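Report on the following structure.
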Amino acid sequence: MDGLAPLAELLARKRPKAWELYLWQELRVQCFWTGTELSRLSARKRVASSLRDDRSLVSVDGCGAEQLARLLGVKVRAIPPWSWDGELALPQPHALAPQLPPQPLRLALTASRAAVVRADGVFATRRPVTVDAVNDVGETFSWVWGQDPPNLQPAAGGAVPPPWGRWRALLHPQATAVLCHELFGHPLEADSFFSGQSPWTGRMGTRITSVPLHVVDDPTLALPGGFWRDDEGETARPKSLVTAGVLTGVLADRSYGTLLTAEPGNARRASPHDPPTPRLSNLIAWVEGGEQEPPLSEARVEIVRVRSGLFVPATMALLLAVSESYTLWHGRRKQSLAPFFLKLPLDTSGPRILSGGSYPVTVAEPGWCGKKQQFLPVGAAASWLLLDRVEAA
Amino acid sequence: MKGYDLDLQAAVRAATQTVAQKADAFEVFCRRAENMQLTAERSGFLLRRETAELGVACRVQTGRLVGFGRASGSASEAGREAARLALAQVSPGHELLPASYQLGAVPVPPRPKPKSRDVEELFAELTRDEAKKAVTVTSVFAETLFFRSEGFSARFQNHLLLVEWQQELLFGVAVAFRRAGCQVQDIAAPSALRILQGIPRPDNLRCERGLRRVLLSPDVAAPLLVLLARRPASGKAPLSPAWDLWDMRQGEEAFLPMACDGEGYPARNLPILVSHPQGCSSGNEQRPDTGTSKGAVRVPWDAPPAPNPVHLWQRSPMPFPPLETSDFEGLVALAPVSEVVLEGGGRFRLLTLAAEVQKGRAVAQGVVVLSGSLSRLPHALVATHGRHEHVALGCIVSTPWLLLKNLEVS
């Protein structure tokens, strides 16, 4: 990243003051896996930069001297020569072939890097190379290059409607990950938390579930949402959102970090054309002291796969779009259920979690998370959860 | 954002020099966009965004193999990089480039650009309404250049205004409204809001699970129309006579007129669901056999050509009066609360804010789940109500209120 230090000096002298200059590169290779071979290869390289202050964001495609001069309002010759550390490169997608199942998939490999130039220094960051897969029913999966691919089979939905009334449901790790993403991840992002859209506003430091549930956002893990510096140049660090059932943390960027005691380090953006906002990265959830094996005999319905989730403040309920589930009879699968919405009501003490596992398992869905039309890769690891008094919506 | 390399011809020259004699044929698709966006966050924070984007997509063909590369940056750099990536990715399975004799363009008359002052006044007017939160107004200018190695080229420009905001219509239910227009006058307040006016505390809506006639506001109808436009053509199924749904790409009504599609075929308006009870056809569904070869567009610039809708327009062959002045009584879906969830077998589910209406006024409201089978919607349209509203959803949907029968409500 030679030569960017003089840019920090230029930025420090700029009037009106700017918060940061952001430089970004992304390389993506896409292809189609027929079940036996790769075809339809294509590649995309995006390069862009932006300048942000307290009232504006100006962005432009390209990171050349011409673009940077335009952003900083100086002559082109005032921009020092600089270059990235080497070429941004991706591994050959053909290396994935031996690990892929005999079913059609759309695949993408993505690598990206960024440099945040601030008046107090230059901070470079690089994301892990991620692999994204979409199966033929549109389910998405993400994992880090070099790790084993997850189960990419479509969810096995049945035809039987879910039971009436309220019942106990046992959530597999993938379903728990989506639940925690929607119930603790987004609502504890500072912009949601302080806008009044979060069920947890005003409840920081209080117990929200009777079991010792832990939820941690950890961008330093080798999962698809990982990074070492956030998109404002702040050092990434694990942040406990829920500690032993008590709300303890909020995901913040620098602007929210100055307003409250929360530490910044969670600012993310899809590209320089979007402003950074507080976003979750890799969410890890488990219950302290829980069993490894799920208590199937205590549940009426086993929720294996969930496609998406939505928190509805008006009804104080979380809705999960269940794609694979089974009724249980003495712990054994009885019937395969048709897709349905699972409704999890929140009472004044939070979600009705009866118990959970203490060993989080890495899961690859949903892989990408959208908010305000910015889509970002996210990672997750979760254990099973036993929920009480849920129902089909 | 003036003063640097935005010359699309430079991108074509750079791509041409890079491909040189290394392919039988190639195409270069360039798009530059300049956006100005004003945003008011819920906290009252105001952000002004100016964006200058330039992207180049290049397809090269060698025998039956095709390579596809895309790059953004300055024009010449992006043109060179897109061509280099395309040559490096030549592989089987891609659609072949159209034969050169099939290429063509239609004229796109220039339209006046919305004035910055008008855009700022619109933003100021919207933010004065305290009920509207997170207001965003975006003025978009885009220029597209399509070039084929055989010598064909087409160039056209578009302007568009996009407006979005959130509004709490029921305690804890913030609904996102998104509108599009060529000019400020095209942006009108959602008529669904008028249904709720003057009723301080409607009773909570209680809906028994079952099949019902439901009147859908433009905001609820729009995502369903997009799903209908994206589903595969289903042949000669009988259609409700009220359908007159087109994808507008030419003419005065089209907000985003184009000279040619994403592959270089001349642009034309595409019928999506069109019934002609009084015409020569027999009231059957008319759907062009587009596949991916004709009418395919690139949304966004770096996507491969695909048959996506651009501007859906449901005409009103038998217009009914606006709902608030009509004697309509029944269930009205006012605004979507969630995205549409599409399940296997073509079933959709949508959470909406709904109201029971008597004499054009809401007497009860609440959140309901609307669901049904996509394949049954073509038979379910009973009538249309009111004027068109222009909803932005990735594409533009211009539709009046739609009265549908046999929707599942729970």
Side-chain angles (χ1 to χ4, degrees), chain A residues 27-32 34 37-48 50 52 54-64 66-67 69-70 76 137-138 154-155 157 191 194-197 255 272-275 307-308 310 312-316 319 321 323 338-341 370 372 393, chain B residues 1-5 32 35 37 39 41-43 45-55 57 66-74 77-78 81-82 85-86 88-94 133-134 170-174 302 304 337-339 341-344 347 349 351 353 366-367 369 410:
Chain A
L27 186 58
R28 187 171 171 89
V29 171
Q30 291 161 287
C31 58
F32 184 75
T34 62
E37 62 181 3
L38 293 177
S39 65
R40 291 188 230 164
L41 272 79
S42 69
R44 182 187 74 189
K45 185 175 183 182
R46 293 166 70 198
V47 184
S50 69
R52 190 165 67 108
D54 59 349
R55 289 203 164 267
S56 71
L57 169 71
V58 183
S59 61
V60 57
D61 276 343
C63 284
E66 217 172 349
Q67 287 89 357
R70 187 71 213 163
V76 173
V137 297
D191 50 348
F194 291 104
S195 70
Q197 293 173 309
S255 64
H273 300 306
D274 303 294
R307 193 148 179 177
S308 61
L310 171 77
V312 186
T315 54
M316 279 300 277
L319 292 176
S323 52
F340 67 99
F341 276 116
K372 293 182 180 172
Chain B
M1 190 76 65
K2 294 170 188 165
Y4 75 100
D5 184 8
R32 74 180 180 96
N35 304 340
Q37 185 180 79
T39 305
E41 295 290 347
R42 280 178 160 259
S43 57
F45 177 76
L46 183 73
L47 179 69
R48 184 186 182 95
R49 284 166 69 180
E50 288 178 38
T51 306
E53 296 177 80
L54 191 148
V66 171
F68 185 35
R70 299 90 89 200
S72 68
S74 67
E77 185 189 356
E81 191 65 12
L85 291 171
Q89 305 296 331
V90 167
S91 56
H94 288 283
K133 307 290 183 191
L170 184 66
F171 173 72
V173 181
D302 57 332
V337 179
S338 73
E339 304 283 315
V341 176
L342 195 59
E343 294 165 359
R347 282 188 59 79
R349 280 168 183 265
L351 274 177
L353 179 68
V367 176
V369 179
S410 57

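So you know, we letter chains A, B, ... as the sequences are listed, proteins then strands, and number each from 1. As the structure is a computational prediction, the values presented were derived from the model and not from experiment.
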A:Asp274/B:Arg49 ion pair, N-O < 4.0 Å: yes
Most contacts with chain B, counted as non-hydrogen pairs under 4.5 angstrom, among A:Arg55, A:Glu37, A:Arg46, A:Arg52: A:Arg55
Best-contacting candidate, B:Ala82, B:Ala78, B:Ala71, B:Ala57, against chain A by heavy atom pairs under 4.5 angstrom: B:Ala71
Euclidean distance, B:Ser91 OG relative to A:Arg40 CZ, rounded to 0.5 Å: 9.5 Å
Residue, of B:Val66, B:Val369, B:Asp302, B:Val90, that accumulates the most heavy atom pairs under 4.5 Å with chain A: B:Asp302
A:Arg28 versus A:Ser42, side-chain donor and acceptor atoms under 3.5 Å: no
Counterpart residues, side chain to side chain contact (heavy atoms under 4.5 Å, CB included), relative to A:Leu319 (two or more places apart): A:Val312, A:Phe341, A:Lys343, A:Ala393, B:Leu351
Atom pair CD/OG of B:Glu81 and B:Ser74 - distance to nearest 0.5 Å: 11.0 Å
Heavy-atom proximity to chain B below 4.5 Å, by part of A:Asp191: neither
Chain B contact via A:Val137 - which portion, at a heavy-atom distance below 4.5 Å: neither
